[in-house]
**Q** 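Quick one: the structure is below, and I'll ask about it shortly.
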Amino acid sequence: MAVLTIPDQQRQIKEFAEIQAYLAGVNIGYEQWQTDHPLTTDSTPEQILNAYAKDISILNQKGGYVTADVIDIHTHTPNLD
């Protein structure tokens, strides 16, 4: 589940469609993908990219992108603020 926090408005959005609409208003795409490959919290970036390869390929073609990367953000990420 994603939670979008908007500090300036002291607001949180938790519903997928509302998050998607808000981000579209600032020109950011937001999607949720399902994978047939099981992933765990210990999955490597390579395993994650492989699991979502089909969706990443479609996004690359639509946006003209040539690479994809995995960014691991969690509550213990240094300097997250």
Side-chain angles (χ1 to χ4, degrees):
M1 175 181 91
V3 177
L4 176 62
T5 302
I6 309 161
D8 294 353
Q9 298 176 12
Q10 297 180 344
R11 177 179 170 203
Q12 283 192 336
I13 305 173
K14 297 180 180 180
E15 298 297 321
F16 172 79
E18 291 180 56
I19 293 171
Q20 191 175 44
Y22 181 88
L23 293 175
V26 292
N27 218 16
I28 298 173
Y30 176 66
E31 300 178 15
Q32 290 182 342
W33 298 337
Q34 300 299 316
T35 179
D36 295 332
H37 299 69
L39 295 170
T40 68
T41 56
D42 295 326
S43 294
T44 66
E46 182 179 89
Q47 290 169 323
I48 294 168
L49 290 171
N50 286 337
Y52 292 106
K54 178 181 172 190
D55 293 304
I56 292 169
S57 177
I58 293 168
L59 187 61
N60 284 349
Q61 290 174 1
K62 284 184 192 176
Y65 309 116
V66 293
T67 63
D69 202 356
V70 174
I71 301 170
D72 183 13
I73 300 174
H74 49 80
T75 56
H76 302 294
T77 299
N79 303 313
L80 189 56
D81 293 342

**Q** Run the side chain to side chain contact (heavy atoms under 4.5 Å, CB included) test against Thr40 and tell me which residues pass, sequence neighbours left out.
**A** Asp42, Ser43

**Q** For residues 4-20, which residue pairs pass the side chain to side chain donor-acceptor pair (under 3.5 Å) check, not counting sequence neighbours?
**A** Thr5-Gln12, Gln9-Arg11

**Q** Only counting residues at least two apart or in another chain, list the ones meeting ring pair (Phe, Tyr, Trp, His ring centres under 6.0 Å) with Tyr30.
**A** Phe16

**Q** Are Ile28 and Ile19 in one and the same hydrophobic cluster, where Ile, Leu, Val, Met, Phe, Trp and Tyr link if side-chain heavy atoms are under 4.5 Å apart?
**A** yes

**Q** If two hydrophobic side chains count as joined below 4.5 Å and joins carry through other members, does Ile6 share a cluster with Leu23?
**A** yes

**Q** For residues 55-65, which side-chain donor-acceptor pairs fall under 3.5 Å, sequence neighbours excluded?
**A**
none

**Q** Counting heavy atoms not belonging to Gln32, are there more than 12 under 6.0 Å from its CD?
**A** yes

**Q** Do any side-chain atoms of residues 46-53 form donor-acceptor pairs under 3.5 angstrom with protein atoms, and if so which ones, sequence neighbours left out?
**A**
from  : atom 1 : to    : atom 2 : distance (Å)
Gln47 : OE1    : Thr44 : N      : 2.7
Gln47 : OE1    : Thr44 : OG1    : 3.4
Asn50 : ND2    : Glu46 : O      : 3.3

**Q** I'd like a table of donor-acceptor pairs (distance under 3.5 Å, sequence neighbours excluded) in which one partner is a side-chain atom from residues 68-78, with atom names and distances.
**A**
from  : atom 1 : to    : atom 2 : distance (Å)
His74 : ND1    : His76 : N      : 3.1
His74 : ND1    : Thr77 : N      : 3.4
Thr77 : OG1    : His74 : N      : 2.8
Thr77 : OG1    : His74 : O      : 2.9

